[in-house]
Amino acid sequence: MNITNRVALVRAWMQSRGIRRYIVPTIDPHNSEYVPAHWQCREWLTGFDGSAGTAVLTADGAWLYTDSRYWIQAAEQLKDTPFTLVRDDRVAEEEGDVVYDPREWPDPFDQWWEGRPAFPLSKAWKMSDETAGESAESKLRRLVEYLRDEGEEQLLVEELSEVAWTLNLRGDDIPYNPFLIAFLLVRADGCHTLYINKEQIPADIEAYLAGLGVTLAPYEDAPRGNGVKSPVGAWRNVKNAAEADGFRRAHEQDGVAMVRFLRWLQETDVAQLTELDIDARLTALRAESPDYLSLSFGTIAAYGPHGAIVHYEATEESAARLAPSGLLLLDSGAHYRTGTTDITRTLALGTLTEEERSVYTLVLKGHLQLQNMRFPEGTTGLQLDTAVRMPLWRAGLDFGHGTGHGVGHVLGVHEGPHQIRKNVRDCTLLPFRAGQTMTDEPGVYLEGRFGVRIENMLLSVEAKTGEFTEGNGSCNQSVWLEWEPLTLCPYDLRPVMPELLTPDEKNWLNAYHEQVRSRLLPLLPTEEDRQWLIEATEAI
């Protein structure tokens with residue numbers, strides 16, 4: 001059934017119920033970022049498969065709203081459909097609008113969507129208390145105390161990452177996220193309920209939950225939320241010492257895979273490769289780690305003009321063949337049993353233009369500005385963002401996406417509530433403190449030509465040394481923060497224009513590469529890998 005026929009079915013249903021405007025967001029019952037196939041109704045209706053977007057239907061109009069990451073992709077995928085692209089991610093609801101609610105029964109998409117994917121039913125597994133850094137018993141006790149302090153009887157934990165974090169349970173129900181589809185009802189009296197399909201809970205996990213005072217109930221019996229604000233997102237956002245150490249171990253494993261991949265790419269005739277070959281090779285190298293669980297998002301291997309599509313993902317139909325010239329943008333990551341990774345490197349495949357080298361160097365300068373920043377505790381993402389963009393703004397360049405997002409500990413690769421971006425939003429006005437994981441990923445995207453993005457993951461830590469830490473100063477600020485780079489992978493220095501770098505920036509690059517070399521050399525499996533890394537991290 002084509003998109004036009006699907007739209008006709010929905011419009012007939014709307015007419016039969018007197019619905020003037022029907023809104024279909026990208027949504028599941030838990031407002032997940034990556035929606036399970038069963039609830040990918042907006043994608044089924046529109047044909048646009050980006051991870052963010054909202055469809056709006058009237059009797060004589062059809063629109064797809066999405067943000068700047070997907071404008072190029074959406075414009076291509078919406079061709080020859082009834083949908084018009086709206087370059088905005090905000091839909092202003094009007095009186096009388098009906099919004100698709102995946103918790104409604106019956107779900108109207110059941111009658112239209114032939115062959116709708118089944119409900120996901122992966123098996124639960126438990127993260128050790130040593131890896132989590134805090135037991136589920138302790139976390140539930142904190143929630144009970146929170147409810148009593150608030151004078152509330154219960155809290156429905158709806159966000160899947162919060163359910164996973166609270167119970168130290170993981171699963172495989174969500175693409176690229178180690179979650180179980182479940183609701184957790186926490187009660188002040190200590191009698192809790194996990195609403196889940198019981199066949200997902202092995203006997204040992206059921207016994208573990210029973211010991212926590214958690215009983216099982218059918219997923220569809222979960223109540224609606226009671227309006228109490230969950231504190232779990234804020235708690236989860238600040239990583240404890242065990243989680244921070246787990247991230248470090250995961251990034252060492254990821255760094256080994258990246259170095260082996262980069263060496264392979266440099267020694268291979270790239271003209272024999274496609275973007276899909278890049279994805280397959282890097283995934284296979286990551287999977288060799290005994291702690292590897294899955295990718296943390298779909299790999300973006302984007303060559304040449306595809307690099308200008310911010311969230312491009314190659315398919316059999318779209319995959320470009322590489323050539324010994326231009327830039328390959330490679331954004332990828334994985335979940336390991338101790339932590340989660342997210343890294344972008346833009347790689348020279350051969351001859352580059354002056355423009356490619358200049359843009360690459362300016363993006364690198366912005367990236368280094370954030371990674372090497374020291375700032376007072378309480379600084380916000382809105383304030384941090386400006387320093388990253390300054391080298392680009394001076395050249396008349398900018399990018400539409402955020403500079404940095406949080407990353408969960410074997411949870412979602414995009415984790416709130418904090419963000420670093422230029423937009424004034426609640427997430428950009430939250431104060432930073434020690435123990436938060438963020439990405440640092442500026443970019444520039446020139447449509448039809450190329451794209452550059454460079455990304456490391458960072459951990460906020462209290463600043464170790466420096467005169468500024470010895471006194472409060474005129475602002476009475478006693479705690480300063482800096483970033484510890486978690487990502488361990490060389491930058492590609494071949495595109496760099498050294499004359500555009502300051503002495504400080506060259507020193508930062510050299511210090512980072514020295515750390516990468518010292519941490520990864522003992523872990524690499526062959527002498528050839530080690531020699532490649534030594535050469536790739538030579539001082540600039």
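Note that this is a predicted model, so its numbers are computed, not measured. Reckoned from all heavy atoms, side chains included, excluding hydrogens, waters and symmetry mates.
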Problem set entry | Partners meeting ring pair (Phe, Tyr, Trp, His ring centres under 6.0 Å) with Phe48 (sequence neighbours left out) | Tyr70
Could you go through residues 425-433 and list every donor-acceptor pair under 3.5 Å that involves a side-chain atom there, pairing it with any protein atom two or more places apart or in another chain?
| from | atom 1 | to | atom 2 | distance (Å) |
| --- | --- | --- | --- | --- |
| Thr428 | OG1 | Asn423 | O | 2.8 |
| Thr428 | OG1 | Arg425 | N | 3.0 |
| Thr428 | OG1 | Arg425 | O | 2.9 |

Exercise. Taking only residues two or more places apart in sequence, or in another chain, which ones meet Glu538 in a side chain to side chain donor-acceptor pair (under 3.5 Å)?
Worked result: none
Exercise. In chain order, what residues pass the salt bridge (charged side-chain N to carboxylate O under 4.0 Å, His left out) check against Asp331, with sequence neighbours excluded?
Worked result: Arg453
For this session: Just jot down the side chain to side chain donor-acceptor pair (under 3.5 Å) partners of Thr361, sequence neighbours excluded, or say none.
Result: none
Problem set entry | ring pair (Phe, Tyr, Trp, His ring centres under 6.0 Å) partners for His401, two or more places apart | Phe399, Tyr445
Problem set entry | side chain to side chain donor-acceptor pair (under 3.5 Å) partners of Arg494, counting only residues at least two apart | Asp492
For this session: State which residues pass salt bridge (charged side-chain N to carboxylate O under 4.0 Å, His left out) with Asp88; sequence neighbours excluded, sorted by chain then number.
Result: Arg90
Problem set entry | Pairs meeting criterion salt bridge (charged side-chain N to carboxylate O under 4.0 Å, His left out) with involvement of residues 502-518, two or more places apart | Lys365-Glu505
Exercise. Among all residues two or more places apart in sequence or in another chain, which pass the ring pair (Phe, Tyr, Trp, His ring centres under 6.0 Å) test with His251?
Worked result: none
For this session: Could you tell me which residues satisfy ring pair (Phe, Tyr, Trp, His ring centres under 6.0 Å) with Phe247, sequence neighbours excluded, listed by chain and number?
Result: His409
Problem set entry | Listed partners of Glu93 passing salt bridge (charged side-chain N to carboxylate O under 4.0 Å, His left out), at least two apart | none
